Amino acid sequence: MAFDLHKIARRWQRKWKAQKVYESDPDGRPKFLVCTPYPYVNGLLHIGHTYTYMRVDAFARYKRLRGMNVLFPFAWHATGTPIEAAAKRVEEGEPTQLQSLELMGFGKDQLEQFKDPIHWIKTFSREAERDLRAYGMAIDWRRQFITTSLNPRYSKFIKWQFNTLKKKGLIAKGEHPVVWCPRELMPVGDHARSEGEGVMPEEMVLIKFRTNGHVFPCATFRPETVFGVTNIWVNPDLTYVEASVDGEHWMVSEPALAKLKDQKHEVKELQRRKGSDLVGAKVKNPVDGNEVPVLPASFVSAETGTGVVMSVPAHAPFDYLALRELQQQNYAGTQDIKPVSLVAVEGLGEFPAIDAVKGITNAKDPRAKDATQEVYKKEFHSGKLKDITGKYKGLSIQEAKPRIIADLKSEGKAVVLFELIEPVICRCLTRCHVRIVDNQWFLKYGSQEWKQEAMKALQGLKLYPEKVRGQFEYVVDWLRDWACTREFGLGTDLPWDKNWKIESLSDSTIYPAFYTLVHTLKKVPLGKINDRLFDYVFLGEGNPDELGVDRVLLDKMKAEFAYWYPVDFRNSGKDLVQNHLTFYLFNHVACFPEKFWPAGIGVNGYVTIGSKKMSKSKGNFKTLRQVIDAFSPDVVRLAILASNEEMNDVDWDSESAESLRQKLAQWYEFALKNYGKNGQSGERREIDRWMEHQLHSSIRDATKAMDETLFRTAIQRGFFDVQRHLKWYQRRTAGQMNQEVLNEIIEAQTLLLAPFCPHVCSEIWEKLGKQSVLVSEKWPQFDESKIVPTLEQSEDAMSRTLDDIQQVLRLAKVEHPKKITLFVSADWKVHLCRKLKELLAQTRDIGQVMKGVMGEFKDRAQEASALVQKFVKDPSKVPLSAMPQDAEVQNLLDAVPFLKETLNCSIEVVREEDSQEPKARQALPGKPAIVVQ
RNA sequence: GCGGCGGUACCGAAGCGGUCCAACGGGUUGGAUUUAGACUCCAAUGGCUUAGUGCCCACGCAGGUUCGAAUCCUGUCCGCCGCACCA
């Protein structure tokens, strides 16, 4: 039989397109709006996108089968810098960029066109649409669009969003520190660094020690230790700059000057000074007025802080080591310097730094660094400031630190310097520092009121799975103001300031609202689209007659939005919880009334390939089209969704995909061959009822799983289990299956599989002779009355008996038995077991149990007491489903033809009490004694 | 450091106080079928053992609670993800 999954897929995709099956408009049914963050169109879709979209699609198809009017829209994201940057690299002829395009299948002659960012956007949105159609996504393609000013209608929508936020006071101007490349004059995000991933700006305090007109700004992370300063350090081998900083004469290292300039200080270089020239000066400690000397230390680096540091030998191991070295060299003026202790820590001595450096002889020893951390950790967590700190005495470091910083700043004794603790190197190989960017617009996610509203939205939200809630709560709480404008890149202009573009994560938060009306909005003349129009269609505000737009169109859009909103399911990878998905919540609560707040969010793990992280550079990478071409869309979808669920990573494994391909082929063949033939129907046998039981409990479980987007469970219960039971049913009836039952299985199985493998299931449905289109059919209902656990128990008992027989045969080394006799446990044992179960629930005392039992079984005292002893010893051995002897005998008699066939010998079923065979006594309820001959 | 999620057989993974066996899928091994292979079917896949359906060991590690623990408690070790100006 010709079975070509690719051909089947193409055929159904053509049909769906022609019949506009997935173009959804409001009607009388309950609605369900699903979506997923649109992809950034700078390359081909890869298998990682696949999983997220697949979940949305499977859920959409399921809800459709449940009778809902489902809308699944899609669009393309082009906002931001990467596409522009890539186009620029093509223009510069950068080899890796060109190569990567070639790897995506573009010929050398086509590369030229990629100099133009618009070509990227057009090409990759087109290619992605092609891939997603080939994947069989149930998307309403009428609603697709592209972001940025290339789509003026979208830009107008985004402007409405920003004006709305601004009106509500949720956007404000401010300044903030960024990691900055002084060569490219750009902020340098993690992905644009060649070194220093994850390093972020941290606040250092520059405490101003003064001497006759000069300032020595000592950079420190521990400003509270200023009370224990004995001297300050400069590195004699460095070059320092004497500079005018905000009108004062500062001494700083060369690199520090650029940092100060970029952190909003007025800076002018006056002259260069050798470090060694500075040594020997006396400077005044700003907190106590003490004069301390400037001493030389080689551990001081030019790159961190200012190249000037204060020395607190009591609490800083480096300082102590350097000081001790000088004293050992009899360096002038150091002999009288004594460490000054200012922090008391229980369990540590007066000078924790001195204790910490035991065995370390100089500041170059790497252990000095560990010692520093050790001391700091202890002091920070359990230290108390001593009397010497004046008004801060008795405070913990945690309490005192922010107060000391604030006080020093307000008294003009210190300023803050943002610093990178570890080096950060830009992709252009320049060392970065922190710059304070001003004139920047912020979304005030840090605002408490806004957070509260977002938290409220979160509380009313269905999460798939529920266990991400903790993460969301944390992020809502932790989120700070977000810089939402950029000077570079593609996007929409900030409506009130054309010099800025709206940043890419900020223009993609409430756009699902845009999906609901985009195809209608296309009919409105561009010039007529403005904030007032959106106020009317989204919020019902204003007078529609003043908009100069066809009232029918306006009210259509208004109704469409109100019908589809809120979003019932928005799904993405777990990496977006800490930004996009949370922004999505914040912006919805700000822009829309509560009834339109998000109703459901789904989060999933990543895709690995062969259990290894996907990585382009390591070649462990697959595009969507590669896997579709190799395995067909149905197999890819099934393989990925069957692999894992919740937040676990799914794995793409070609071996299991191949195995699933075969399973699908087998099902296709089975369904077509067995459906609606003239098989026996009529009265149901036990085994038929068993099969119905299995089918209906599988439907029940699969349905429950589908409701929670637990697709792996749904596939396991709704496909693997049904298939397994069907095989057993086939074997158990020697192929004489009940035709009605069989038909029901075939229909239900095809529907259960439909959300995952829509093409092949549609094909089967059609070939079964169904007039309806599968994708609009009804999800199978389970019939509670057909779920009868006792059927399962007796069938299990039978199959366990078969297992036991086979084991006995093996042990007895009988290869070809002539006859097998099964002795069924006497009824009194059934009663005994039931009684025991009752008693054991109350007590484990053997005496009491014995007492409770033996009255009833006096005439079998010996046998009964042996059983009681055995079961009290291990209560888990009591047969749970002890059925009466008659029923067990009947159950086995029913199975005799099957057992005969399987074991290839005659089978006899005998009641225990009817036999003289000694082994017969071993029978237990549900566990017949076995004799083989 | 802070926050989140986890450690179960060869691999992935379910189980979350007792449901006579630690599901299900993949892999591996043996057998049946086949001219052969593929497919399909049956069986095995921690150890031991036997004319008897059994015993023992195992759910990161160590303790504890309980008649009974993969599951509950305490401690401990180890992974993965995120910590932002950006898709």
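Quick caveat, the model's predicted, so the values are computed rather than measured. Here is the naming used below: chain letters follow the sequence lines, and residue numbers restart at 1 for every chain.
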Original post:
Of A:Phe583 and A:His580, whose closest RNA chain B nucleotide lies nearer the 5' terminus?
Top reply: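 Taking each residue's closest nucleotide, the earlier one in sequence belongs to A:Phe583.
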
Original post:
Starting at the 5' end of RNA chain B, which residue's closest nucleotide do you reach first, A:Val468 or A:Gln662?
Top reply: A:Val468

Would you confirm whether [X], through its side chain, and [Y], through its main-chain N or O, come within 3.5 Å as a donor-acceptor pair?
{"X": "A:Asp649", "Y": "A:Gly605", "value": "no"}
{"X": "A:Lys829", "Y": "A:Leu924", "value": "no"}
{"X": "A:Asn587", "Y": "A:Thr509", "value": "no"}

With respect to the side chain of [X], which nucleotide from [options] is positioned closest?
{"X": "A:Arg731", "options": "B:A84, B:C42, B:C86", "answer": "B:C42"}
{"X": "A:Arg724", "options": "B:G12, B:C24, B:C81", "answer": "B:C24"}
{"X": "A:Leu479", "options": "B:A84, B:C2, B:G4", "answer": "B:A84"}
{"X": "A:Arg712", "options": "B:A14, B:C85, B:G6", "answer": "B:A14"}
{"X": "A:Trp478", "options": "B:A84, B:A87, B:G27", "answer": "B:A84"}
{"X": "A:Pro187", "options": "B:U53, B:C86, B:C24", "answer": "B:C86"}
{"X": "A:Phe720", "options": "B:C24, B:A87, B:G54", "answer": "B:C24"}
{"X": "A:Asp653", "options": "B:C86, B:A84, B:G26", "answer": "B:G26"}
{"X": "A:Thr81", "options": "B:A87, B:G26, B:U53", "answer": "B:A87"}

Original post:
How far does the C1' atom of B:G25 sit from the matching atom of B:A9, given to the nearest Å?
Top reply: 14 Å

Subject >> Inter-nucleotide C1' distance (B:G46, B:C21), Å rounded >> reply: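 Pairwise C1' distance, B:G46 against B:C21, rounds to 14 Å.
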
Touch class at under 4.0 angstrom, heavy-atom based, for [X] against every strand present:
{"X": "A:Thr713", "result": "nothing"}
{"X": "A:Ala665", "result": "nothing"}
{"X": "A:Val650", "result": "nothing"}
{"X": "A:Asp796", "result": "nothing"}
{"X": "A:Glu503", "result": "sugar-phosphate"}
{"X": "A:Pro928", "result": "base"}

Pairing partner of [N] (Watson-Crick or G-U wobble, both distances under 3.5 Å):
{"N": "B:U40", "result": "B:A32"}
{"N": "B:C2", "result": "B:G82"}
{"N": "B:C48", "result": "B:G54"}
{"N": "B:G75", "result": "B:C61"}
{"N": "B:G25", "result": "B:C11"}
{"N": "B:G18", "result": "B:C67"}

Quick one: is [N] close enough that its OP1 or OP2 comes under 4.0 Å of any side-chain N or O from [X]?
{"X": "A:Asn648", "N": "B:A14", "answer": "yes"}
{"X": "A:Lys663", "N": "B:C24", "answer": "no"}
{"X": "A:Ser659", "N": "B:G26", "answer": "yes"}
{"X": "A:Ser643", "N": "B:A13", "answer": "no"}
{"X": "A:Lys613", "N": "B:C81", "answer": "yes"}
{"X": "A:Gln666", "N": "B:U40", "answer": "yes"}
{"X": "A:Gln578", "N": "B:C86", "answer": "no"}
{"X": "A:Arg717", "N": "B:A23", "answer": "no"}
{"X": "A:Lys919", "N": "B:A51", "answer": "no"}
{"X": "A:Asn644", "N": "B:G12", "answer": "no"}

Would you say the ring centroid of [X] lies under 6.0 angstrom from that of [Y]?
{"X": "A:Phe898", "Y": "A:Trp728", "answer": "yes"}
{"X": "A:Trp652", "Y": "A:Phe631", "answer": "yes"}
{"X": "A:Phe756", "Y": "A:Phe719", "answer": "no"}

Original post:
Is there a donor and acceptor pair closer than 3.5 Å between the side chain of A:Asn42 and the base of B:A87?
Top reply: no

Subject >> Check: B:A13 base within 3.5 Å donor-acceptor of A:Glu645 side chain >> reply: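 No, the side chain and the base share no sub-3.5 Å donor-acceptor pair.
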
Subject >> Whole-Å gap separating P (B:A87) and CH2 (A:Trp482) >> reply: 9 Å

Subject >> Side-chain ion pair, A:Arg724 and A:Asp721, N-O less than 4.0 Å >> reply: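 Salt bridge: yes.
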
Original post:
Say you draw a straight line from OG1 of A:Thr147 to OH of A:Tyr511; how long is it, rounded to the nearest 0.5 Å?
Top reply: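 Atom-to-atom, A:Thr147:OG1 and A:Tyr511:OH are 9.5 Å apart.
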
